[in-house]
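Remarks on the structure that follows.
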Amino acid sequence: MSTIPGVELVESQGQVVLRHHVTADRPPVDANALKALLEQGGYGAWFVDRTVLSSIVDRCNSEQGDFEANLAERRDAHMDIEIASDGMRAWGTVTPAYGGAPLSIDQIVQTLTGLGVVYGMDESNLMKICLESKAGQYEVATGLAAVDGDDGRFELLINLTRDRRPRVDENGLIDFRELGDIPVVDVGQPLMRRIPPTDGTAGRSILAKLLYPKRGRDEMFAAGLTGAAVSETDHNLLVATERGQPVQVGYNGVMVEKVIHFDGATMASGNISFDGTVHIDGDVLQGMKVLASGDVVVSGTVDGGIVEAGGSILVKGGVIAHATLKAGTEVSVRFVENSKIEAGVAIAIDDMALQSELRAANQIAVGIKAAKRGRLVGGSAQATMRIITPILGDAASSVTQVMVGLDPALEAELQAILSALEKQHQEADSLSKLVQHLSKQGDKAPMLERAQATLNQIHQAMGSLLVRKAEVEKKMALYAKAKVEVGVEVSGSVDLAFGHTKRALRRAYGSGSFSMEGGLVLFTPHEGDSSEV
């Protein structure tokens with residue numbers, strides 16, 4: 001057992017007092033010797049201030065007289081509490097025991113309740129903190145947040161509802177889907193259920209304050225739904241009021257379009273115009289017109305006739321003899337020859353397109369059911385994002401024109417926006433100068449208030465135009481991803497255009513895709529590296 005001559009330790013009222021007596025020829029005292037002395041006396045766990053320790057060492061080695069000094073002290077563990085400003089959490093910063101009593105659950109709870117914390121204490125967590133007794137910050141109480149109610153929503157009750165909204169992915173492309181037969185519902189058939197909003201669940205802060213949830217947003221069925229109405233016995237149920245084709249309207253409604261059947265569009269039937277969906281069980285013959293606000297399904301062939309639909313057009317046979325098809329969304333046909341097809345979204349051709357004019361706002365796909373022999377030959381095809389065909393062009397045919405990456409309607413809208421912005425900028429500049437002049441010279445008329453109001457209106461209009469400009473430019477930016485995809489080969493003469501950049505293809509290409517990058521038109525074979533066209 002080591003000792004330090006002239007040094008003794010005495011415990012007094014939770015303190016360890018060092019008593020020093022001057023001793024001749026004693027080696028210098030150091031901090032480690034004093035710590036060892038504390039350890040031997042059973043005070044090793046007590047708190048020692050480093051600065052105090054250093055000072056006592058210096059005094060032991062330098063002072064010529066006797067002295068006493070507090071070297072260590074016993075400290076109980078304690079916890080300082082911090083409460084979040086929103087009253088939802090409380091944290092405790094633990095200072096561990098130094099020879100004193102450890103933390104107890106009762107001590108923590110008493111401290112918390114003294115600060116008004118009466119909710120959200122977890123006894124198992126507090127016990128863990130007491131057992132660990134490590135310095136650090138611990139969460140000691142957690143409030144229960146209010147859970148807002150769910151918004152009202154809608155559940156579709158029929159699986160065959162036609163949704164005419166284009167399904168566009170992040171690359172600006174739509175998913176092709178076969179239109180198939182027309183789904184039909186009967187009078188009284190449930191179409192859609194409205195799920196009301198919920199109230200939510202109340203919460204409570206750790207200070208026992210009641211937290212009220214926000215009720216979910218209420219949603220109602222869309223107004224003016226043709227052929228559908230809210231049930232008289234259940235105001236959350238939408239039912240059909242007539243027999244016909246169900247068509248989803250946005251996210252909160254289903255309308256029922258009338259469906260009318262004809263054996264064919266011939267001289268016997270006359271031209272057909274119908275507010276709803278038309279099903280032609282036979283052919284549409286030369287010179288006959290079929291006009292519908294909904295969809296048109298032709299079981300036979302369109303032989304030189306005209307078909308226009310506000311929705312989609314499905315022709316299970318071919319389109320020939322200078323026929324014309326125009327649809328608000330999609331056109332799907334078996335094949336097309338010497339005819340014109342225009343679609344607001346996409347054109348899908350099962351087999352081939354010969355010497356025809358095809359135009360779709362999004363994409364054109366040829367050879368969907370003929371991956372090896374489907375072909376796009378002669379005429380023209382224009383789509384904003386993509387044209388897909390197994391075979392493009394033919395050596396025995398005239399030039400085939402193909403264009404992607406350009407939407408004339410969006411281009412025209414952007415130019416109109418830029419023109420309007422320039423005009424409004426000039427007007428705003430003139431008015432700003434007038435407002436400044438009137439502010440300096442005085443407003444005798446008075447005109448300043450009217451001029452400022454007009455200037456504010458122009459700025460608001462410019463803001464709206466800038467928002468729309470950004471939307472248009474975002475859509476146009478997708479044009480950079482436009483492609484022409486060839487599954488088998490390119491043959492004969494093909495004029496290829498990406499927007500205003502044109503290339504004349506006069507040699508054969510294998511399977512691959514044409515695209516535009518950095519101002520260059522590239523061909524990328526399905527196996528191999530890209531090369532400039």
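For reference, positions follow the sequence shown, starting with 1.
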With side-chain contact (heavy atoms from CB on, under 4.5 Å) as the test, would you mind laying out the steps for Met121 and Leu112 before giving the verdict? CA-CA 9 Å; Met121 289 178 276; Leu112 288 169; 3.3 Å; yes
Run the salt bridge (charged side-chain N to carboxylate O under 4.0 Å, His left out) test on Asp86 and Lys209 for me, step by step, so that the C-alpha distance in whole Å, both residues' side-chain angles and the decisive distance to 0.1 Å come before the verdict. CA-CA 10 Å; Asp86 61 0; Lys209 179 182 178 181; over 6 Å; no
With no hydrogens and no angle check, is any side-chain donor or acceptor of Asn362 less than 3.5 Å from a backbone partner on Ala346? no
Within this structure, what is the CZ-CG distance for the pair Phe335 and Leu354, rounded to the nearest 0.5 Å? 8.5 Å
Quick one: side chains of residues 183-193, donor-acceptor pairs under 3.5 Å with protein atoms, not counting sequence neighbours, listed by atom name and distance.
unit_1, atom_1, unit_2, atom_2, d
Asp186, OD1, Arg243, NE, 2.9
Gln189, OE1, Asp186, N, 3.2
Arg193, NH1, Asp234, OD2, 2.9
Arg193, NH2, Asp234, OD2, 3.2

Rounded to the nearest 0.5 Å, how far apart are CZ of Arg468 and CG of Leu414? 10.0 Å
Between Thr389 (side chain) and Ile391 (backbone), is there a donor-acceptor pair under 3.5 Å? yes
Going by atom types only, do Glu139 and Asn125 share a side-chain donor-acceptor pair under 3.5 Å? no
Is any side-chain heavy atom of Glu485 less than 4.5 Å from a side-chain heavy atom of Arg386? yes
Strictly by modelled atom types, are Glu257 and Thr277 linked by a side-chain donor-acceptor pair under 3.5 Å? yes
Heavy-atom distance under 4.5 Å between the side chains of Glu82 and Gln137, does that happen here? yes
So which heavy atom on Gly200 is nearest to which on Pro213, and how close? C-CG, 3.9 Å
With a sphere of 6.0 Å drawn around NE2 of His425, does it hold more than 12 non-hydrogen atoms of other residues, nucleotides or ligands? no
side-chain hydrogen bond (donor to acceptor under 3.5 Å, both in side chains) partners for Asp151, two or more places apart: Arg217
If every non-hydrogen atom of Ala146 is compared with every non-hydrogen atom of Leu211, which pair is closest and at what distance? CB-O, 3.7 Å
Would you say the side-chain atoms of Thr142 pair up with the backbone N or O of Gly120, donor to acceptor, closer than 3.5 Å? no
Please confirm whether the backbone N or O of Ala323 pairs with a side-chain atom of Ser339, one donor and one acceptor, at under 3.5 Å? yes
Just by distance, do the side chain of Ser419 and the backbone of Gln415 share a donor-acceptor pair under 3.5 Å? no
Check whether any side-chain heavy atom of Leu126 lies under 4.5 Å from a side-chain heavy atom of Lys128, and answer yes or no. no
Heavy-atom pair with the smallest gap, counting every atom of Lys469 and Ile417: CB-CG2, 3.8 Å
Examine distances only and state if a side-chain atom of Thr329 and a backbone atom of Gly311 form a donor-acceptor pair shorter than 3.5 Å. yes
Which distance, rounded to the nearest 0.5 Å, do you find between the CD1 of Ile195 and the CD of Glu219? 12.5 Å
List the steps and the verdict of side-chain contact (heavy atoms from CB on, under 4.5 Å) for Leu376 and Leu358. CA-CA 10 Å; Leu376 173 59; Leu358 310 177; 4.0 Å; yes
Partners passing ring pair (Phe, Tyr, Trp, His ring centres under 6.0 Å) against Tyr509 (at least two apart in sequence or in another chain): Phe514, Phe523
Please tabulate, for side-chain N and O atoms in residues 453-465, each donor-acceptor pair with protein atoms closer than 3.5 Å (sequence neighbours left out).
unit_1, atom_1, unit_2, atom_2, d
Thr454, OG1, Arg450, O, 2.9
Asn456, OD1, Gln452, NE2, 3.2
Asn456, ND2, Gln452, O, 3.3
Ser464, OG, Gln460, O, 3.3

Does Arg359 have more than 12 heavy atoms from other residues, nucleotides or ligands lying within 6.0 Å of its CZ? no
Reported CG-to-OG1 distance for the pair Asp150 and Thr198, which is rounded to 0.5 angstrom: 4.0 Å
Starting from the C-alpha separation in whole Å, work towards a yes-or-no answer on side-chain contact (heavy atoms from CB on, under 4.5 Å) for Leu237 and Val230. CA-CA 6 Å; Leu237 183 65; Val230 176; over 6 Å; no
Between atom CG of Asp199 and atom NZ of Lys214, what is the distance when rounded to the nearest 0.5 Å? 14.0 Å
So does Gly227 get a backbone contact from the side chain of Thr241, meaning a donor-acceptor N/O pair under 3.5 Å? yes
Salt-bridged, Asp351 to Arg375, with N to O below 4.0 Å? no
For Ser269, give me all partners under side-chain hydrogen bond (donor to acceptor under 3.5 Å, both in side chains), at least two apart in sequence or on another chain. none
To the nearest 0.5 Å, atom OG1 of Thr384 lies from atom NZ of Lys481 at 14.5 Å
Between Ser124 and Asp122, is any side-chain donor less than 3.5 angstrom from a side-chain acceptor? yes
When Val278 is tested against each of Ile313, Leu291, Ile260 for side-chain contact (heavy atoms from CB on, under 4.5 Å), which residue passes? Ile260
If every non-hydrogen atom of Asp295 is compared with every non-hydrogen atom of Ser312, which pair is closest and at what distance? OD1-N, 2.7 Å
side-chain hydrogen bond (donor to acceptor under 3.5 Å, both in side chains) filter on Asp263, not counting sequence neighbours, yields none
Closest non-hydrogen atom pair, Ile280 against Ala265: CG2-N, 3.9 Å
So Gln248 and Leu156, do their side chains get closer than 4.5 Å, heavy atoms only? yes
Is any side-chain heavy atom of Tyr251 closer than 4.5 Å to one of Phe154? yes
For Asn252 and Met220, indicate whether the former's side chain and the latter's backbone hold a donor-acceptor pair under 3.5 Å. yes
Run Val377 and Met352 through side-chain contact (heavy atoms from CB on, under 4.5 Å) and show every step you take. CA-CA 8 Å; Val377 176; Met352 61 184 67; over 6 Å; no
Would you say that Val249 contacts Leu225 through its side chain, given a criterion of any heavy-atom pair below 4.5 Å between the two side chains? yes
Is it true that a side-chain atom of Ser513 and a backbone atom of Lys483 form a donor plus acceptor pair closer than 3.5 Å? no
Compare all side-chain heavy atoms of Phe262 with those of Ile272 and state whether any distance is below 4.5 angstrom. yes
Where do Ala141 and Val117 come nearest, in terms of heavy atoms and distance? CB-CG1, 3.9 Å
Taking CZ in Arg153 as the centre, count heavy atoms belonging to other residues, nucleotides or ligands within less than 6.0 Å. Is the count above 12? no
Does His261 reach the side chain of Asp281, with side-chain heavy atoms less than 4.5 Å apart? yes
Does Gln426 offer a backbone N or O that forms a donor-acceptor pair with the side chain of Ser430 under 3.5 Å? yes
